[in-house]
Undergrad: 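Next up is a structure, given as structure tokens.
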Amino acid sequence: MSQAPPPTGPPGPVIRVLIADESERITENVMRRLGAETDIEVCAIARDGDATVQEALRTRPDVVVIDAGLPGMDGPQTTEMLTQYLPRTAVIMLSLDAENEAYRRAMLAGAREFLQKPFTGDDLVSAIRRVHAFELRKAAPPTTVEREKPPNRGTVLTVFAGKGGVGKSVIATNLAVALAREHRTVLLDCSLQFGDVAALLNLSAAHTIADLAAGDAVADSDMVQGVLDTGPGGLRVLAAPTSPELADYVTTPHLRALVEELRRTFDFVVIDTASHLSEIGLDAVEMADRVLLVTDLTVTSVKNAKLVRSVMEVLKVPEDRFLLVLNHREGSGEMERSHAEHFLGLLAAVELPYEPAVVAVSVSRGAPFVLTHPRSVAAARIDELARSVAPAAEPGAGAPPPPGPEPEPPRSRRRLGLRRR
Ligand SMILES: Nc1ncnc2c1ncn2[C@@H]1O[C@H](COP(=O)(O)OP(=O)(O)OP(=O)(O)O)[C@@H](O)[C@H]1O
Ligand SMILES: [Mg+2]
């Protein structure tokens, strides 16, 4: 059933790929295209589901490229078997069908990527390299990759998601309160139209980020310090505008200047964001030392988190900057944690349980659960998250940053055609 082509790879590990598709034309095209890559080798070909499992068990490929409509066991069924028997083999699902149902079945079965036919050879090659790189990262001993950060400047943590309501604000506020126990921490609400931070901390928000922007005082140290609210445990807070139309006062240059100012005096600047992709949200991500990507385990939320990852790839946000935070904001999700991790190419830093008696109650009281329920599992997970980001802190932040021009947002942003704020 299978024949490996002559090895073409450079010395060192090549990515071994099994192609599973009924169509000879497609397998030939794919083989020809992959044959042009020195780091990829086709180790087997299969034409139906059973043969795919047999060949995979025999050749133990790194990646299986599998057609969703395979005869016999179809693509998702075969994928389920492969993820069970060969968990270190990554599956890329190909489908003629762009329907959500196909995507959904592929994700639930444990596929790591989904490519709609027709796709380009380049798309396939990058998908193969991407899923393989994640396998290698998973196998490597954990290392803390820190972004090179100028000394004496606080760490910016941006909490982001591809879907509304997944728990960004709850996580941002509790994390900021937890960090404030030992570090100078400020929480900035960049969900400019419908920010919830003030409500979650039961603050009056007498001054907001819009006041600073309207007064062009975002880089004025005294003014900035003067408008910060004080929340629980000494956490400093800059709330979102009190009314949605005021959001338009805040532009990306305002945000950049403000964050630069805040990181001169705080160890941590935690930024809560809105779920839609706006210039402000993307700026908050680009400025971050760590991006906390929040998702629950529903297919739609994981799918959107994946889209966020793709956008960030276009914007060249390094992937070691992401921390995946799984939050069960409803009962159990549809996907298994490991499937979501593989699909997103990120291992979860923490997983928060569904704890309505803790989380919902703390939300309705405007009191962070790390303080009201310090012994809850949710609070323990937030502490874990705080510990995983805290090594990035540079104690002694407070000295002015070295002079230098403000970096321009990358040009690649234009490819996304986002409206400026
Ligand atoms: N782990 C959890 N257990 C129980 N309930 C939760 C959990 N996480 C979040 N929730 C509930 O989900 C609601 C939404 O959370 P939150 O406001 O933080 O989401 P968000 O992502 O900030 O939403 P938005 O996109 O509107 O800003 C909260 O009011 C809370 O009651
Ligand atoms: Mg929110």
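Note that the structure is a prediction, hence the values are computed from the model and not measured. Indexing begins at 1, ligand by ligand and atom by atom, following the structure's order.
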Undergrad: Based purely on interatomic distance, does Val166 place a nitrogen or oxygen under 3.5 Å from a nitrogen or oxygen of ligand 1?
TA: yes
Undergrad: In the protein, which heavy atom is nearest to atom 29 (O) of ligand 1, and how far is it?
TA: Val363 CG1, 3.7 Å
Undergrad: Indicate yes or no: does an N/O atom of Lys168 lie under 3.5 Å from an N/O atom of ligand 1?
TA: yes
Undergrad: Is the CD atom of Glu384 crowded by more than 12 outside heavy atoms at less than 6.0 Å?
TA: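 Counting other residues, nucleotides and ligands, CD of Glu384 exceeds 12 neighbours.
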Undergrad: For the CE atom on Met223, are there more than 12 heavy atoms of other groups (residues, nucleotides or ligands in this structure) within a distance under 6.0 Å?
TA: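 Counting other residues, nucleotides and ligands, CE of Met223 stays at 12 neighbours or fewer.
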Undergrad: Does any N or O in the side chain of Arg290 come within less than 3.5 Å of the main-chain N or O of Phe322, such that one atom is a donor and the other an acceptor?
TA: no
Undergrad: Any side-chain donor paired with an acceptor under 3.5 Å for Ser301 and Asp296?
TA: yes
Undergrad: Return the residue, atom name and 0.1 Å-rounded distance of the protein heavy atom closest to atom 6 (C) of ligand 1.
TA: Val359 CG1, 3.5 Å
Undergrad: Does Ser275 reach ligand 1 with a nitrogen or oxygen that is under 3.5 Å from one of the ligand's nitrogen or oxygen atoms?
TA: yes
Undergrad: Say whether Asp21 and Thr27, considering side chains only, have a donor N or O and an acceptor N or O under 3.5 Å apart.
TA: no
Undergrad: Decide whether an N or O pair under 3.5 Å exists between Asn327 and ligand 1.
TA: yes
Undergrad: Treating His339 as the side-chain partner and Leu108 as the backbone partner, does any N or O pair qualify as donor plus acceptor under 3.5 Å?
TA: yes
Undergrad: At under 4.0 Å between heavy atoms, is it the side chain or the backbone of Glu330 that contacts ligand 1, or both, or neither?
TA: neither
Undergrad: Would Arg112 count as a cation-pi partner of Phe134, with NZ or CZ less than 6.0 Å from the six-membered ring centre and within 45° of the ring normal?
TA: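 No, Arg112 does not lie over the aromatic ring of Phe134.
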Undergrad: When you compare the side chains of Ser275 and Lys168, does any donor N or O come within less than 3.5 Å of an acceptor on the partner?
TA: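 There is such a pair (donor and acceptor under 3.5 Å, judged by atom type) between the side chains of Ser275 and Lys168.
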Undergrad: With a distance cut-off below 6.0 Å to the six-membered ring centre and an angular limit of 45° from the axis, does Lys306 pair with Phe343 as a cation-pi contact?
TA: yes
Undergrad: With a 4.0 Å heavy-atom cut-off (strictly under), which part of Ala274 contacts ligand 1: side chain, backbone, both or neither?
TA: neither
Undergrad: Please check if a non-hydrogen protein atom sits closer than 4.0 Å to atom 2 (C) of ligand 1.
TA: yes
Undergrad: Keeping to distances under 2.8 Å, can you name the protein N/O/S atoms close to the Mg ion (ligand 2)?
TA: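 For the Mg ion (ligand 2), the protein N, O and S atoms that sit under 2.8 Å away are Ser169 OG.
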Undergrad: Measuring from the heavy atoms of Pro356, does anything fall under 4.0 Å of ligand 1?
TA: yes
Undergrad: Quick check: closest heavy atoms across Ala210 and Leu246, and the distance to 0.1 Å?
TA: CB-O, 4.0 Å
Undergrad: If you define the side chain from C-beta out and look only at heavy atoms, does anything of Leu324 sit under 4.5 Å from Leu347?
TA: no
Undergrad: Check whether any N or O atom of Tyr354, backbone or side chain, sits under 3.5 Å from an N or O atom of ligand 1, and answer yes or no.
TA: no
Undergrad: Specify the protein heavy atom at minimum distance from atom 15 (O) of ligand 1: its residue, its atom name, and the distance to 0.1 Å.
TA: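 Scanning the protein heavy atoms, the shortest distance from atom 15 (O) of ligand 1 goes to Gly167 CA, 3.6 Å.
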Undergrad: Between Pro353 and ligand 1, is there a nitrogen or oxygen pair with a distance under 3.5 Å?
TA: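 It does: an N or O of Pro353 is found under 3.5 Å from an N or O of ligand 1.
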Undergrad: Give me the nearest non-hydrogen protein atom to atom 9 (C) of ligand 1 as residue plus atom name, then the distance to 0.1 Å.
TA: Arg329 CB, 3.5 Å
Undergrad: Establish, from distance only, whether the side-chain atoms of Thr265 and Arg184 form a donor-acceptor pair under 3.5 Å.
TA: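 Distance-only check fails for Thr265 and Arg184.
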Undergrad: Does this structure show an ion pair linking Glu113 with Arg130, if we count only N-O contacts that are shorter than 4.0 Å?
TA: yes
Undergrad: Any nitrogen or oxygen of Ser169 lying under 3.5 Å from a nitrogen or oxygen in ligand 1? Just yes or no.
TA: yes
Undergrad: Can you check whether Asp39 reaches Arg129 side chain to side chain, under 4.5 Å on heavy atoms?
TA: yes
Undergrad: Quick test: of every protein heavy atom, which one is nearest to atom 31 (O) of ligand 1, and how far off is it to 0.1 Å?
TA: Ala360 CA, 3.9 Å
Undergrad: Taking 4.0 angstrom as the limit and counting only heavy atoms of Gly164, give me the atoms of ligand 1 inside it, by number and element.
TA: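 In order of number, 25 (O).
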Undergrad: Using a cut-off of 6.0 Å, state whether more than 12 heavy atoms not belonging to Arg365 lie near its atom CZ.
TA: no
Undergrad: Judging by distance only, is a nitrogen or oxygen of Val170 under 3.5 angstrom from one on ligand 1?
TA: yes
Undergrad: Look at atom 14 (C) of ligand 1 and say which protein heavy atom is nearest, naming residue and atom and giving the distance to 0.1 Å.
TA: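 Going by distance alone, atom 14 (C) of ligand 1 is nearest to Gly165 O, 3.8 Å.
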